[in-house]
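Sequence positions, counted from 1, serve as the residue numbers for this chain. In this text the structure is predicted, and so the values were computed from the model without any measurement.
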Amino acid sequence: MLKQNQLREHHNSVAIYARRMAMLLCPGLVDIATEAALMHDLGKTEIDDRIIFKPGLLDEDEWKAMRRHPVIGADLIIKNKVKPLNGNRVEVGMAVLHHHERFDGTGYPDGIGGEDIPITARIIAVADTFDAMTTDRQYRKAMSKEDALKEIIRCSGTQFDPGVMQVLVNAKVTF
């Protein structure tokens, strides 16, 4: 039960960060960004818990399984097996699908980059990473928020959209 509570707390934190950033970047998509953030790891429900909660680093096969979670989650949403509250299955599903794409095009599952990645997915990528780095995990202690921001700045333009990164940095006092 503790592990499920950790996941719920992570999803809620990512949704709070995503909502705040979306309010500044794309006010018309706040509900989509928030809902997609709440559901961004939905596909992990279909991944073996021994992989999800493994206390050490994942091996190559475990990473392959983990990289499937955005596709699984998007499929559950788009095919109406899990219905978003706002009813926009496609936009929420696309944000979930692409939240692990990288701004430089080297992410997964489709290897798209830049503005081809939906803005809601680019927001979730930053929010998800910020929360993951600032929260204790089974395999490491949390970073300080200042160190996490430095890492996100360092990865701006490669992993993260520079505009989304800048919103997080400018709003750091509210996080």
For residues [X] and [Y], determine if any side-chain heavy atom of one lies less than 4.5 Å from a side-chain heavy atom of the other.
X    : Y    : answer
V169 : M165 : yes
K64  : R68  : no
M94  : L97  : yes
P118 : E91  : no

Check whether [X] and [Y] end up in the same hydrophobic cluster, where Ile, Leu, Val, Met, Phe, Trp and Tyr are linked by side-chain heavy atoms less than 4.5 Å apart.
X    : Y    : value
I117 : I77  : no
L24  : I152 : yes
V30  : M21  : no
L29  : M23  : no

Specify the closest pair of heavy atoms between [X] and [Y], including all atoms of both residues, with the distance to one decimal.
X    : Y    : value
V96  : A36  : CG2-O, 3.8 Å
A37  : A15  : CB-CA, 3.5 Å
I51  : A65  : CD1-CB, 4.0 Å
V90  : I78  : CA-CG1, 4.3 Å
F103 : D161 : CD1-CA, 3.5 Å
A95  : A121 : O-CB, 3.5 Å

So, taking the atom named [atom1] in [X] and the one named [atom2] in [Y], what distance separates them when rounded to the nearest 0.5 Å?
X    : Y    : atom1 : atom2 : result
T34  : R20  : OG1   : CZ    : 11.0 Å
Q159 : T129 : CD    : OG1   : 5.0 Å
M143 : F130 : CE    : CZ    : 11.0 Å
I119 : L25  : CD1   : CG    : 5.0 Å
D104 : F160 : CG    : CZ    : 11.0 Å
Y17  : I123 : OH    : CD1   : 15.5 Å

For [Y], does its backbone N or O pair with a side-chain atom of [X] as donor and acceptor, under 3.5 Å?
X    : Y    : result
E62  : D59  : yes
K150 : I153 : no
D41  : K44  : no
D49  : I52  : no
E101 : D110 : yes

Could you check H69, H98, H10 and say which one makes a ring-ring contact (aromatic ring centres under 6.0 Å, His included) with H40?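 Single ring-ring contact (aromatic ring centres under 6.0 Å, His included) partner of H40 among H69, H98, H10: H10.
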Quick one: side-chain contact (heavy atoms from CB on, under 4.5 Å) partners of R67, sequence neighbours excluded?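 side-chain contact (heavy atoms from CB on, under 4.5 Å) list for R67, sorted by chain: W63, Y108.
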Any chance you could pull the hydrophobic cluster mates of V14, using side-chain heavy atoms under 4.5 angstrom and chaining through other members?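 Other cluster members: I124.
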